Amino acid sequence: VQGSGDVKYHLGAEGEFVAGSGAEIKVSVAANPSHLEAVDPVLEGIARAKQDVLNRGEEFPVLPVLLHGDAAFAGQGVVAETLNLSQLRGYRTGGTIHLVINNQVGFTTSPGSSRSSLYCTDVARMVQAPIFHVNGDDPEACIRVARLAFEYRQAFNKDVVIDLVCYRRRGHNEGDDPSYTQPLMYDLIEQKRSVRKLYTESLIGRGDITIEEAEQVLRDYQQQLERVFTEVREASSQPSEWTTVPDYPDKPSGEASTAIPVEMLKRIADAYVTPPDGFTVHPKVMPQLQRRSAAIADGPIDWGTGEILAFGSLLMEGRPVRLAGQDSRRGTFVSRFATVIDRVNADEWTPLSNLTEDQAKFHAYDSLLSE
Ligand SMILES: Cc1ncc(C[n+]2csc(CCOP(=O)(O)OP(=O)(O)O)c2C)c(N)n1
């Protein structure tokens, strides 16, 4: 069965989180393959697509949260590429919260062998993201930093990083004994009391709770774990109602009609020769736009014009079109002119955004050079 074994979480999940206050929020966990950090840009794409559908502009109502390991965050190139996407018009998501679970080891590799930077989070300095280094043994400091990070994201719509400095008590997996490779660190870890014990002691010491209350909370929690464990065990012995492969819609069969009315063609042709008032089209570009417009009426249709007709007719049928890639707007080979730049003041004009009152939105973005 796909996703069985020790990596069930790789399948992702969707649900609704209900806070103690009763507030509800939709939460989804992206399917995450074993290739560390590969999910980062995928998650950003999911968040951006949801934001585009919600269409609430600079509100950025979907919050991406990325969890990283310290070795992977410092080592994987896709982390830098994802940070580089974070403020670009075609890709931004209004700020991502990056939480690095910094257990100070990557499987068996110590920081001295896994990075040249001082901190595992230094790569995020490339976008001047604030980075909070916080002691994982201090839950209240962690909560404070989490709130601060969220408030920063909401106020500035930029990425923010939490470096949760902590430790891994046991091996990377069941068969692993970290004292083979990090004996000194693991001597220290063995002597440490757990975060729960340390925090319980400080709450009791401060007089915030009594010993009896602490014991009661622990009992409740263990009962919850037992209950869920039993539920899961019983559920797994019944046939699963979940499918394990994506549900692909059937391909349309037979010939689909793709013809468009001649008025649509004419509207697209007109849009290409009707710049806004006061807009100065580059003198070498204007004849190309005029040729395109004439070709729509009389032929022949070249590749670039064919594309524009396809996009334009989809837009007039109410389907949004998003085009993102290297030099997408002009077209690498001077072929597209999805966006035209004013020769005098560098203003932008996108003819396909000016077709009809009720057309769908057209987005054309030049992308970062990442491939
Ligand atoms: C791209 C990639 N390289 C190597 C691995 C194998 N691998 C899995 S976990 C791991 C160590 C990761 O260390 P860290 O990022 O610090 O996260 P931790 O497991 O300590 O939370 C390695 C090397 C992988 N899954 N993906």
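Source: prediction; values computed, not measured. The analysis underlying the following values was restricted to heavy atoms, covering all of them including side chains, and did not include hydrogens, waters or symmetry mates. Whatever order the structure lists ligands and atoms in, that order sets their numbers, starting from 1.
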Task: Side-chain cluster (under 4.5 Å, hydrophobic types only) that Ile101 belongs to, other residues - done: Leu63, Val65, Leu67, Ile97, Leu99, Phe132, Val134, Val145, Leu148, Phe150, Tyr152, Phe156, Val160, Ile162, Leu164
Open item on the list: I'd like to know if the side chain of Arg169 and the backbone of Lys192 have a donor-acceptor N/O pair within less than 3.5 Å.
Closed with: yes
Open item on the list: Has Asp342 got a side-chain atom pairing as donor or acceptor with Thr280's backbone, closer than 3.5 angstrom?
Closed with: yes
Open item on the list: If the threshold is 4.0 Å, N to carboxylate O, is there a salt bridge linking Glu307 and Arg292?
Closed with: no
Task: Any side-chain heavy-atom pair of Val78 and Pro41 under 4.5 Å - done: yes
TODO: Determine the interplanar angle of the Tyr272 and Trp349 rings, folded into 0 to 90°, and report it as parallel if under 30°, tilted if 30 to 60°, perpendicular if over 60°.
DONE: tilted
TODO: Please list, by chain and number, the protein residues whose heavy atoms come under 4.0 Å of ligand 1.
DONE: Ser34, His35, Leu36, Gly69, Asp70, Ala71, Ala72, Gln76, Asn103, Val105, Gly106, Phe107, His172
